[in-house]
Number of protein chains: 2
Amino acid sequence: MGIRPSSTRGDQTREALIDAAIEIFGRDGFRAASTRSIADAAGVNQALIGYHFGGKPGLYLAAFERITGAVEQHLLPVTQPIEEEFRRGEVDRERGVAYVLTMIDAIVATFTLPESEAWARLILREQQNPSDAFDRLYDRVLGRHLTLMTALIARVRRLDPQSIEARLISQTVIGQGLVFRSARATVLRHLGWRELGTGEIASIQSVIRRNVTAMLTGR
Amino acid sequence: MGIRPSSTRGDQTREALIDAAIEIFGRDGFRAASTRSIADAAGVNQALIGYHFGGKPGLYLAAFERITGAVEQHLLPVTQPIEEEFRRGEVDRERGVAYVLTMIDAIVATFTLPESEAWARLILREQQNPSDAFDRLYDRVLGRHLTLMTALIARVRRLDPQSIEARLISQTVIGQGLVFRSARATVLRHLGWRELGTGEIASIQSVIRRNVTAMLTGR
DNA sequence: GTCTATAAAGTGATAGAC
DNA sequence: GTCTATCACTTTATAGAC
């Protein structure tokens, strides 16, 4: 207490390396990304990766940890209140639908952020070939949100929240939003869009809201 | 005509290299995949990549071309008859729904095939960072099927087939199926599954069918 | 058409000066 | 905490024998 370390030179180096690592690991993959290109992009000496992170794998883990925190930071302000209200047993069927819509809106918003381009590349890679880094992401963020959405859907559809059906419906809801990130090149071409701006994102959210309402309520 | 070249030694080498390339480019990415590891996996000398494909980029293009053909071969037997019936103006609203369901079933089936694991890794990579190879896949396969599904959905929902809304609905339908490939690690963990077998795939198709029917008809 | 051998460039890690 | 220099290894491409 008292002394604020502000930001030492070493801290700045660490941060710059992590930022560059997210970008370059995402673009090239773990093995193809060279420590020299990451150090260059960070404006930092290559030998400092060894000093600060022990080596290339340590830097990768630090980069993925940062992504996990960033995704959490974007979703939690929306989902934590819902989670608490649900735990208190205050969520009826009507509110359940509304909260599923709120959650999918937040997921679409998060994964269409410009920053999410770099995150998503790394996360998609891990999905196809999970390493230790993925475990942390799933345990801290993905699993938690899937559990909540499944619970809401189970309440609305009067299903067992442990049932395969409730879980599968969750996945299909989230899949409707994630396709705009995971199949991005296809989406842009088919829609004739150059990028996902605020107008485009609003259109996406509106269509998904209508789909999900119909899926859950038949209306 | 007359002479059947059967399969020369060179042809076998080409085929073995392409098979190995799909696997290893998919696993490691273009840059990280070494021509030596591909040649080893193919049981072939490393120098033959230069001889048959001109070099590493040529082999990558050949591998992606093969994937394009494979996806086409799985989808076209289902979708071509629908395409023709639609062109003859014989598809009413009820049939339109049935054909959207048939198409999404085929898409799920194709992208849960064991072989599709290797294809999908490459296709997902191209989605985040499209190269020339992606253009061919989109023009030959993806665009064609998106156009057909959008036309069917437009008919059912009485929308302009050129409208953004009809196209967005197509994407959300397909997204429900693709999430089981693109977010595979997350899906398996959340569902408590070890892999997608025939039973699991049937459950997925059943849930998506119900979702899509509700989305398109309100029933 | 396939092989061996090798040139030229790049890789991650690290020792040691400051 | 940062730097330069370098080691040991791997990479792609290719020349040339068979």
Side-chain angles (χ1 to χ4, degrees), chain A residues 3-66 122 125 129 131-133, chain B residues 3-66 122 125 129 131-133:
Chain A
I3 293 163
R4 207 348 197 40
S6 109
S7 178
T8 68
R9 178 120 185 254
D11 287 343
Q12 288 171 21
T13 298
R14 274 184 64 94
E15 295 302 296
L17 278 171
I18 289 175
D19 287 341
I22 291 172
E23 204 61 47
I24 293 183
F25 279 132
R27 206 190 53 204
D28 297 343
F30 176 75
R31 202 161 148 221
S34 78
T35 54
R36 273 177 174 79
S37 68
I38 293 170
D40 287 354
V44 146
N45 191 283
Q46 182 254 347
L48 291 174
I49 290 172
Y51 180 78
H52 286 288
F53 300 97
K56 195 182 179 180
L59 176 56
Y60 181 80
L61 278 174
F64 211 87
E65 198 67 21
R66 165 91 124 244
L122 275 169
R125 241 180 256 282
N129 226 331
S131 74
D132 295 347
Chain B
I3 295 163
R4 216 325 206 53
S6 108
S7 180
T8 67
R9 176 121 186 256
D11 287 344
Q12 288 172 20
T13 299
R14 274 185 63 95
E15 296 302 297
L17 279 170
I18 289 175
D19 287 341
I22 290 172
E23 203 60 48
I24 293 182
F25 280 133
R27 205 190 53 204
D28 297 345
F30 176 76
R31 204 163 147 220
S34 79
T35 54
R36 270 178 175 77
S37 67
I38 293 170
D40 287 354
V44 146
N45 190 282
Q46 181 252 346
L48 291 174
I49 289 171
Y51 179 78
H52 287 287
F53 301 97
K56 194 181 178 182
L59 176 56
Y60 181 80
L61 278 173
F64 211 86
E65 199 67 20
R66 166 91 123 243
L122 274 170
R125 242 180 254 283
N129 227 331
S131 75
D132 294 348

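Lettering follows sequence order; numbering is per chain, from 1. Atom set for the values below is all heavy atoms of this structure, side chains included, hydrogens, waters and symmetry mates excluded.
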Next item on the list: May I ask you to evaluate whether B:Thr13 reaches the phosphate of C:dG1, defined as a side-chain N or O under 4.0 Å from OP1 or OP2?
Entry: no
Notebook entry, point to check: Rounded to whole angstroms, how far apart are CZ on A:Arg36 and P on D:dC7?
Noted result: 13 Å
Notebook entry, point to check: Hey, does B:Gly55 reach any base, or is it just sugar-phosphate, or nothing, if we go heavy atoms under 4.0 Å?
Noted result: sugar-phosphate
Notebook entry, point to check: For the side chain of B:Ser34, counting heavy atoms from C-beta on, which of D:dT11, D:dC3, C:dT11 is nearest?
Noted result: D:dT11
Note to self: Quick one, B:Asp11 and B:Thr8 - any side-chain contact, counting heavy atoms below 4.5 Å?
What the structure shows: yes
Check: Reckon B:Arg31 has a side-chain N or O less than 4.0 Å from the OP1 or OP2 of C:dT11?
Finding: yes
Next item on the list: Please determine, for the side chain of A:Ala47, which listed nucleotide (D:dC3, D:dG1, C:dT4) has the closest atom?
Entry: D:dC3
Next item on the list: Give one of base, sugar-phosphate or nothing for B:Ala39, where a contact means two heavy atoms less than 4.0 Å apart.
Entry: nothing
Check: For the pair made of NE2 in B:His52 and C1' in C:dG1, what is the distance, rounded to whole Å?
Finding: 6 Å
Check: D:dT2 phosphate, OP1 or OP2: any side-chain N/O from A:Arg9 under 4.0 angstrom?
Finding: yes
Checklist line | Between D:dT11 (P) and B:Asp28 (CG): distance, integer Å | finding: 10 Å
Next item on the list: To the nearest Å, give me how far apart CD1 (B:Ile38) and C1' (D:dT11) are.
Entry: 12 Å
Notebook entry, point to check: Separation of B:Gln46 atom CD from D:dT14 atom P, in whole Å?
Noted result: 11 Å
Item checked: Side-chain donor/acceptor of A:Arg125 to backbone N/O of A:Gly26, under 3.5 Å -> yes
Note to self: Rounded to whole Å, please give me the gap between CG in A:Leu48 and P in D:dA5.
What the structure shows: 16 Å
Next item on the list: Write down the distance between CG (B:Asn45) and C1' (C:dC3), rounded to a whole number of angstrom.
Entry: 6 Å
Margin query: B:Phe53: which residues meet the ring-ring contact (aromatic ring centres under 6.0 Å, His included) condition with it, sequence neighbours left out?
Written below: none
Check: Is the backbone of A:Ile49 close enough, under 3.5 Å, to the side chain of A:Lys56 for a donor and an acceptor to pair up by distance?
Finding: no
Check: Rounded to whole angstroms, how far apart are CD1 on A:Ile49 and P on C:dA13?
Finding: 9 Å
Check: Using 30° and 60° as the class limits, which term best fits the ring planes of B:Phe25 and B:Tyr60: parallel, tilted or perpendicular?
Finding: perpendicular
